[in-house]
Amino acid sequence: MPSNSLTSAQKRRKRHLTRSLLRRRVKDVALHVRQRWLEAYPTILVSLFLILSVWLLFGVSFIIIPPVLILVFRQRHTQEFSLRGLLRTYCILLLVCLAAFLATINLPLCALLNLAVPFLVVGLLSDKFNPKSYFVYGMEFVFFQMTPVPLSHLAMELVVMLYGFCMVTLFLWLHSRRIRKKRDYATIRRGLELLSLEMEKLSNGEDISQERDAFPPMMAHMSRVVYGSRNFSYLADDYGKINYWCMLLFQRFHYFVSTFYSSRRSLLEGEKKFYRQLSGLLGQAARGFNQPGRRMLVRSIRSFARLNRLPRKDEEDAIQEILRLLEFCLMQREKAYFYRTRLKKEGNWQVPEKKDGEARWKQYFQWDQFQVRFALRLAVVLCVTFSFCKITGWEHAYWYPMTTFLMLMPYAEESLLKINNRILGTVAGLAVSFVLMSLVHSMEGRVLVVVLMTCLMYYAPVTSWTMPMYATCYAMAISTLYLNLDAAIVLRLVYVLLAAATTFLANRFLLPNTAKTEFRKTVRQLFDIDLEIVSLIRTDAGKREALNQFRDLMVQSNLVSEEIAKSLKNDLKPEERDYYSQMLPLHQKLIEEMEQMYSYLYHRQNRFDRWDNVMLTQFLDNLSDSIRRIRLGYTSRELTPFLEPGKTAKPFGKLEDKLYFNTLTVQCMESVDKLMALSSRAGGAVHEREPGNIGGNFPLN
C-alpha cells in the first residue's frame, strides 16, 4: 500500500512537471511571437498603406513599386533619420528606374543595361561587410522590367515613385521620433555593468574569466553598429561615434585586465579599495548613461583619478588613460543628449581618401575581389534571363529573371539555401493559392489575401521557406487577375525550376564565391590591416588627417575578426578550427596594443621625439616585417626565417623613459612572437630562434 501511494505521488509530480514545462514552452513561444510582431509591425503598417494607396490611387499596374519602397523603409527605420541620405537613395532609385525603362525598349539595350547596371550597383555599393547593399536597387531594376510601361506612362510612374518617396520619408521621420526616445544604448550599458561587476570581483579576488570573455563579441557587435551607420561621406553618425568610443573603452579595459591580472598575485588593500570604488563609478555610469547629470559623474571620476593611485607605475598609467577615455565617452553622450547636431560639427569623421587614386579604381577590375566576382555573375545571369524573356515572349516569363535574382546570393552556399527554400516555399505557396483562389473570386477578397500575405511575409524570417510561400500567394493573388489559375500555377513552377537550374550553374561555374575561398582571403586581409596600422604608427600617428583612416582600420579589423570567428563554426576541419581559435585571441591582443601605441603617439606627439628615436623606428620596421612573415605562415603555410641574420637594432634611444609605452612595446613583441610560434607549429616548420627577437637587442626593461 505505501509503495502504491508513492507511485501515485510520483505520477502526480510527473504530470505536474509536464504541465509546467508545457506552460513554460507555450509562454516562451508566445513571447517570441510577440517580440517578432513588435519588430515587424512598423514595416507591415507602412507596406499595407503603400500597397493599398498605390492600388487605389494609381491602379494595379503600378503595384510593383511599393515593394521596393518598403525595403527602403525596412532597412532604414532602425537607423538615425537623415534627409540627406534619403535624398541620395532616392536619386539612385530614380536613375535605376530610368535604366529599367530603357532596358525594356529593345533587345540590345536590354542585354547592355542588364550587364552594366547590376555590375555598377554591386561593385560600387557592396563589400564583404555589407554584401547585400545592392539589393534594393537590384530588386528595383529587376521588378521594373517585369512590368514595362510605355513612354506615355513613364511620367506617371515617376509621379508614383515621388509619392512613395514622400510617404516613406514621412513614415521614417515619424518613426525616428519614436526610436529616439527608445534608443537606450543597451550594449554600452551592458558593457559598463559587466565592467562594474568585473572590478568588484577583482577587488574580492574572485574569478573574472566569464566577464572578460564576454567583451570580444561585444566589441565586434559595436564595430558592426559603427560600420552600419556610415555612408558615402562619413564613417559614422552620432550613434556610431559613441559606439566607437565606448568600443575603445571596453577594448582597453579588456587589455588592462588580461595583461595585468590574468595570473596575478593577491591584491594589496589599497588596490582592493581602488577597484571597489571604480566598480561603483562604473555602475553609476551604466545606470546614468541615458539620463542627464553625467557631468556630475565625470567630476566624480576626475576626483577619483586624482586622489587614488595604483602602486605599479605601468598599471597606473594604463588606468589613467582608461579613465580619461571614460570621461570623454560620458561627455560625448551628454552632448548628444542635449545637442543632437553638435557631434556632427565636432570632429571630422569623413571617409578617408585613398592615397593612390588609381589603385582605388583598379579594384573594380581585379577578378579576386569579392564584390567584382559577384557583380559579374549577377550581371551575366540577368543579361541572359532578360534576353531570354525578350526573345521568347513567353507568358509571365519575367518570373524567370525575378526568381533568379532572388536566388542568386553573394556566397554559393547561401544561394544553395535560397534555392531549396524558394522551391519548397513556391510549392507550398501554390498549394495554398490553389485553395484560396478557388474560394475567393471578388476583388475585395483578393485585396484581403494581399493584406494577409503582406503581414505574414514581413513577419516571416528572411532565411526561411515560409517567406517565399507567402510571397508566392501574394503574387498569385495579383497575377490571377489577368491569368487563369491553373496556367499561373504551372508557369510559376516551371520558371522557378528553370531559375534554380540557372542559379546553380552560375554559382558552380561563373566566378563563384565560396565560403572556404573567402575565408582564406579574410585571414590575409586581417594581417593586411595590421600592416596598414603599423604604417600609420610609423609615419602618420601625429597627423589629424590620418585619424579617420586609423578609425576605419580599427573597425575593419574587428569586423574581419568577427567574420573569421563565424567561419570557425562551419566547414573547417577540427585541427584548422583549433588553429584559428588560438590565433584570434592572440591577434586581438596585438590590435589592442597597437591601438594604444597609436593613441599614445597621437596625444603625445610634442613630448615624444619619435622621428629621431632610432630604436622605435627599428622596432616598427621589425614589427612590420614580422607581420608579413606571420601572414605568409597563416595563409600559405610557408615560413621564412623570422629575422635576417645580423638585422638587430642599435641599443640606444629614449623609449625606456616612457614607461607605459615601454610596456606596450614589450607586450606587442610577445604577441607577435606567440603568433609566429603558433603559425610555425601549424605549418609543420620548426625554427630555431630566440623568444621575443622582434625587438632585437632593445634595452626596453
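By convention here, the first residue in the shown sequence is residue 1.
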Inset, instruction - Evaluate the side-chain contact (heavy atoms from CB on, under 4.5 Å) criterion for residues R377 and N513: first the C-alpha distance (whole Å), next the side-chain angles of each, then the deciding distance (0.1 Å), finally the verdict. - result: CA-CA 10 Å; R377 185 163 64 255; N513 288 327; 3.7 Å; yes

Legend entry - Euclidean distance, E563 CD relative to Q525 CD, rounded to 0.5 Å: 9.0 Å

Legend entry - Residue pair F58 / Y163, side-chain heavy-atom distance below 4.5 Å: yes

Legend entry - Side chain proximity check, F101 to L151, heavy atoms < 4.5 angstrom: yes

Legend entry - Test log, rule side-chain contact (heavy atoms from CB on, under 4.5 Å), inputs L416 and N420: CA-CA 6 Å; L416 184 60; N420 294 332; 4.2 Å; yes

Inset, instruction - For D127 and Y227, test the side chains for any donor-to-acceptor distance below 3.5 angstrom and give the result as yes or no. - result: yes

Legend entry - Side chain proximity check, T104 to C110, heavy atoms < 4.5 angstrom: no

Inset, instruction - Going by the side-chain contact (heavy atoms from CB on, under 4.5 Å) test, name the single residue among V447, T454, L57, V450 that passes it with L52. - result: V447

Legend entry - Validation row, ring centre F388 to ring centre W394 under 6.0 Å: yes

Inset, instruction - Count the heavy atoms belonging to other residues, nucleotides or ligands that lie under 6.0 Å from CZ of F504, then report whether that count exceeds 12. - result: no

Legend entry - Q145 vs E140 side-chain heavy atoms within contact, under 4.5 Å: no

Legend entry - Side-chain donor or acceptor of S557 paired with backbone N/O of M554 under 3.5 Å: no

Legend entry - Min side-chain heavy-atom separation Y459-M467 under 4.5 Å: no

Legend entry - Side-chain H-bond candidate by donor/acceptor type, T169 with Y90, under 3.5 Å: yes

Legend entry - Full working for side-chain contact (heavy atoms from CB on, under 4.5 Å) between T147 and S61: CA-CA 8 Å; T147 54; S61 58; over 6 Å; no

Inset, instruction - Answer yes or no: does atom CZ of R88 have more than 12 heavy-atom neighbours from other residues, nucleotides or ligands under 6.0 Å? - result: yes

Inset, instruction - Taking all heavy atoms of G429 and all of C473, pick out the closest pair and write down the distance. - result: O-SG, 3.5 Å

Inset, instruction - Could you tell me whether R422 sits above the aromatic face of W465, with NZ or CZ closer than 6.0 angstrom to the six-membered ring centre and within 45 degrees of the axis? - result: no

Legend entry - Side chains of Y244 and S223, donor plus acceptor under 3.5 Å: no

Inset, instruction - First locate atom CG of L378, then atom SG of C383, and finally report the distance between them rounded to the nearest 0.5 Å. - result: 11.5 Å

Inset, instruction - Output yes when a side-chain donor or acceptor of S47 lies under 3.5 Å from a complementary backbone atom of I44, and no otherwise. - result: yes

Legend entry - Side-chain donor-acceptor contact under 3.5 Å, E562 with N558: no

Inset, instruction - Please check if the distance between the ring centroids of Y134 and F374 is under 6.0 Å. - result: yes

Inset, instruction - Report yes if some heavy atom in the side chain of N114 is under 4.5 Å from a heavy atom in the side chain of T385; otherwise report no. - result: no

Inset, instruction - Report the C-alpha distance between Y470 and Y458 in whole Å, list the side-chain angles of each, state the deciding distance to 0.1 Å, and finish with yes or no for ring-ring contact (aromatic ring centres under 6.0 Å, His included). - result: CA-CA 9 Å; Y470 302 136; Y458 289 109; over 10 Å; no

Legend entry - Taking every non-hydrogen atom, the tightest pair across T404 and A499: OG1-CB, 3.2 Å

Legend entry - Nearest heavy atoms of N106 and P108, plus distance in Å: OD1-CD, 3.3 Å

Inset, instruction - Please round to the nearest 0.5 Å and tell me the distance separating atom OG1 of T514 and atom CZ of R520. - result: 10.5 Å

Legend entry - Pair K132-S126, side-chain donor/acceptor within less than 3.5 Å: no

Inset, instruction - Indicate the atoms forming the closest heavy-atom contact of A477 with M437, along with that distance. - result: CA-SD, 4.0 Å

Inset, instruction - Check whether any side-chain heavy atom of F135 sits under 4.5 Å from a side-chain heavy atom of V121, and report yes or no. - result: no

Inset, instruction - Drop me the distance from F129's CZ to R230's CZ, to the nearest 0.5 angstrom. - result: 9.5 Å

Inset, instruction - Over all heavy atoms of both residues, which pair between A460 and T466 is shortest? Give the atoms and the distance, please. - result: CB-OG1, 3.5 Å

Inset, instruction - Drop me the distance from Y411's OH to T517's OG1, to the nearest 0.5 angstrom. - result: 10.5 Å

Inset, instruction - Compute whether any side-chain donor of one residue and acceptor of the other, for T89 and R76, lie under 3.5 angstrom apart. - result: yes

Inset, instruction - Assign the ring pair Y495 / Y400 to parallel, tilted or perpendicular, where the plane angle (0 to 90°) is split at 30° and 60°. - result: parallel

Legend entry - CA sep, side-chain torsions, deciding dist, call: D552, N548, side-chain contact (heavy atoms from CB on, under 4.5 Å): CA-CA 6 Å; D552 192 28; N548 284 341; over 6 Å; no

Inset, instruction - Might you confirm whether atom CZ of F434 has over 12 heavy atoms from other residues, nucleotides or ligands at distances under 6.0 Å? - result: no

Inset, instruction - Mind checking the NE2-OG1 spacing from H77 to T43? Nearest 0.5 Å is all I need. - result: 4.5 Å

Inset, instruction - For N507 and E413, test the side chains for any donor-to-acceptor distance below 3.5 angstrom and give the result as yes or no. - result: no

Legend entry - Whether T472 side chain and L430 backbone form a donor-acceptor pair below 3.5 Å: no

Legend entry - Side chains of V54 and I65 in contact at under 4.5 Å (non-hydrogen atoms): no

Inset, instruction - Looking only at non-hydrogen atoms, find the nearest pair between Q371 and G123 and report the distance. - result: CG-O, 4.2 Å

Inset, instruction - Measure up the F73 and F171 rings against each other and bin them: parallel (under 30°), tilted (30 to 60°), perpendicular (over 60°). - result: perpendicular

Inset, instruction - Report yes or no: do T480 and R446 form a side-chain donor-acceptor pair below 3.5 Å? - result: yes

